[in-house]
Amino acid sequence: MRTALWLYLFMFVAFFDLHAQYPILSPFALSLGAAPSFIGLIMGVYSITHLPGNLIAGYGVDKYGSKFFIVFSLIVAGIILLFQSNVKDPWHLLYIRSISGFVLAFLSPACLSLLARIAKDRIQQSKLMAGNGLVHTLASVVSPAAGAILVAKIGFTTAFSVLGWILIITGFLAIFGVKEKQLLSQSAGKLQVLDHHGHGMPDEDANFPVGASVPWLFFLIPMALSCSQGILFFELPLMESARESILTSGVFFTLISLGALLSISFWFLNKVSPFIRTVCGSLSLAVVFFGLAIQWPIPLPVSLFLIGMAKGVIYPALAALLASITSSSRYGRVFSLLSISYSVGAFIGPMMAGQLRDHISSYFIAFFILMLALSLLPLRSFKSPVTT
């Protein structure tokens with residue numbers, strides 16, 4: 001459990017730094033003279049450079065363990081933020097963000113893989129994944145407002161420097177905080193792999209390609225989810241009310257996180273099938289985006305809170321579903337595929353919004369992509385037990 005707490009700390013700091021930049025990155029790029037379409041590219045390139053990092057992390061974590069990748073991601077990402085604090089040109093910001101995206105791609109698969117491995121059984125594993133979602137949400141609750149306040153008080157340069165040093169210090173703490181070899185030797189017993197109905201399968205029978213347990217089309221869901229989130233994170237700071245005050249932008253992001261925090265606090269949802277939670281949460285999210293596209297009468301703060309609630313249901317469900325039907329020897333690769341899906345979606349979202357926002361509502365694009373992913377989901381693959 002001590003290692004789980006350390007992992008939660010590392011992910012909290014990483015997510016804090018990441019979300020603290022959401023309300024300030026677009027204004028920072030604007031201050032450098034970047035056009036909205038170029039800002040979409042800056043936000044998107046961070047995600048697309050996740051891809052090679054995710055691919056390396058998938059096999060590297062399974063072969064060499066998680067600790068090295070955790071330490072490497074935190075320290076190097078902090079150093080890159082120090083360089084970002086001195087950027088004077090939009091193109092330089094693009095280069096820095098692309099490198100940062102590659103480096104931080106190792107962190108999530110490494111942490112999730114180690115969390116899944118240290119669990120004694122599937123129930124504890126589900127709780128650990130829910131805890132990861134809670135940590136992520138707590139970080140995203142306080143960080144947007146904190147980032148906005150930092151910039152308002154000390155400016156962009158000092159704010160990025162502070163965030164960078166936080167990552168570097170946390171990375172050095174990870175060197176001493178994670179006792180990976182000792183922990184894995186104590187939890188070397190095999191976990192029973194579950195099919196989507198909750199029926200047990202021998203772990204050795206679960207060593208099959210990911211596509212045999214989870215249809216490849218299923219990964220369209222996390223891709224669409226990340227795409228819609230990227231669109232939202234691109235649009236909010238550029239709203240007229242947000243551009244008048246960077247603190248307003250920070251409040252908008254905090255409302256989303258508060259909604260997610262409320263959903264995650266409903267522990268009884270863990271008893272519901274993660275597949276059902278994923279589908280229902282995605283459908284609810286699509287409905288809210290459609291409402292924003294047609295400018296429904298529900299106030300924007302309430303809509304953002306509802307978006308957060310949907311995210312709070314979906315993210316833990318996705319991780320729990322993948323962990324429950326995957327062999328422990330393949331956790332690194334499976335969570336790497338999940339991260340890749342998130343990365344592709346986060347790249348496509350801001351890019352599409354930046355190019356099409358003058359012709360069609362960005363929120364409608366988010367609605368369409370979510371509904372397309374849901375319509376292509378092969379439901380039959382989840383109606384019968386998995387066979388190998």
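Note that the numbering runs from 1 along the sequence shown for the chain.
- For the pair Leu25 and Arg97, the minimum side-chain heavy-atom distance is below 4.5 Å.
- Ring pair Phe364/Phe367 is tilted by interplanar angle, where 30° to 60° counts as tilted.
- Ser263 contributes atom OG, which lies 9.5 Å from atom CD1 of Ile314 (distance to the nearest 0.5 angstrom).
- Using a 4.5 Å heavy-atom threshold, the side chains of Phe218 and Leu318 count as touching.
- Residues Ser100 and Leu81 form no side-chain contact, since every pair of their non-hydrogen atoms from C-beta on lies 4.5 Å or further apart.
- Between Phe72 and Phe69, the ring centre distance reaches or exceeds 6.0 Å.
- Between Ala57 and Phe106 the shortest heavy-atom distance is CB-CD2, 3.6 Å.
- Minimum interatomic distance between Ser31 and Phe156 (heavy atoms only, all atoms of both residues): OG-CE1, 4.2 Å.
- Proximity of Met371 to Phe368: side-chain heavy atoms (C-beta onward) are nowhere separated by under 4.5 Å.
- Minimum interatomic distance between Leu93 and Ala29 (heavy atoms only, all atoms of both residues): CD2-CB, 4.0 Å.
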Practice task
Go through the steps to decide whether Val87 and Ile96 satisfy the test side chain to side chain contact (heavy atoms under 4.5 Å, CB included), and finish with yes or no.
Solution key: CA-CA 9 Å; Val87 165; Ile96 289 291; 4.0 Å; yes

List, one per line, each side-chain donor-acceptor pair under 3.5 Å for residues 287-302, sequence neighbours excluded.
residue : atom : partner : partner atom : Å
Trp296  : NE1  : Ser303  : OG           : 3.1

Practice task
Under the side chain to side chain contact (heavy atoms under 4.5 Å, CB included) rule, what do Glu235 and Tyr363 come out as? Steps first, then yes or no, please.
Solution key: CA-CA 9 Å; Glu235 282 292 334; Tyr363 299 126; 3.7 Å; yes

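- At a threshold of 4.5 Å between side-chain heavy atoms, the hydrophobic network of Ile, Leu, Val, Met, Phe, Trp and Tyr places Phe102 and Trp91 in one connected group.
- Of the possible donor and acceptor atoms, one in the side chain of Ser228 sits under 3.5 Å from a partner among the backbone N and O of Leu225.
- Distance CG/Leu104 to OG1/Thr49: 9.5 Å, rounded to 0.5 Å.
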Practice task
Please assess Val151 against Phe28 for the test side chain to side chain contact (heavy atoms under 4.5 Å, CB included), listing each intermediate value before the final yes or no.
Solution key: CA-CA 10 Å; Val151 170; Phe28 178 57; over 6 Å; no

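- Put simply, the side chain of Lys311 reaches to within 4.5 Å of the side chain of Ile307, judged on heavy atoms.
- With a 4.5 Å cut-off on side-chain heavy atoms, Ile340 and Val344 count as touching.
- Proximity of Ile75 to Leu167: side-chain heavy atoms (C-beta onward) are nowhere separated by under 4.5 Å.
- Within the 3.5 Å criterion, the main-chain N or O of Leu372 finds a donor-acceptor partner in the side chain of Ser375.
- Atom CZ of Phe266 has more than 12 heavy atoms from other residues, nucleotides or ligands within 6.0 Å.
- Both Phe172 and Met11 are members of a single hydrophobic cluster when ILVMFWY side chains are connected at heavy-atom separations under 4.5 Å.
- For Phe38, the CZ atom sits in a packed shell: over 12 heavy atoms of surrounding residues, nucleotides or ligands are nearer than 6.0 Å.
- Counting only distance, with no hydrogens or angles, the side chain of Ser85 and the backbone of Leu82 share a donor-acceptor pair below 3.5 Å.
- The structure places CG of Leu220 at 8.0 Å from OG of Ser341, a figure rounded to the nearest 0.5 Å.
- For the atom pair Leu232 CG and Leu304 CG, the distance stands at 6.0 Å (nearest 0.5 Å).
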Practice task
Check the pair Met352 / Ile369 against side chain to side chain contact (heavy atoms under 4.5 Å, CB included), numbers first and verdict last.
Solution key: CA-CA 11 Å; Met352 292 183 65; Ile369 291 174; 4.0 Å; yes

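- Closest non-hydrogen pair, Ser66 versus Leu114, comes out as OG-CB, 3.8 Å.
- Ser98 and Val45 make their closest contact through CB-CG2, 3.9 Å (heavy atoms, listed as atom of the first residue, atom of the second, distance).
- The closest donor-acceptor contact from the side chain of Ser226 to the backbone of Pro222 lies at 3.5 Å or more, if one exists at all.
- Two different hydrophobic clusters hold Tyr315 and Ile276 under the rule that ILVMFWY side chains link at heavy-atom gaps under 4.5 Å.
- Closest approach of Val71 to Ala174, counting heavy atoms only: CG2-CB, 3.8 Å.
- To the nearest 0.5 angstrom, Leu74 atom CG is 11.5 Å from Ile79 atom CD1.
- Phe252 has its ring centre no less than 6.0 Å from the ring centre of Phe305.
- In the hydrophobic clustering of this structure, Leu283 groups with Val279; members are Ile, Leu, Val, Met, Phe, Trp, Tyr whose side-chain heavy atoms approach within less than 4.5 Å, directly or through other members.
- For the atom pair CG (Leu376) and CD1 (Ile221), the distance works out to 9.0 Å, reported to the nearest 0.5 Å.
- Residues Asp89 and Leu32 fail the side-chain proximity criterion, which asks for heavy atoms closer than 4.5 Å.
- For Phe83 and Phe160, the distance between ring centers is not under 6.0 angstrom.
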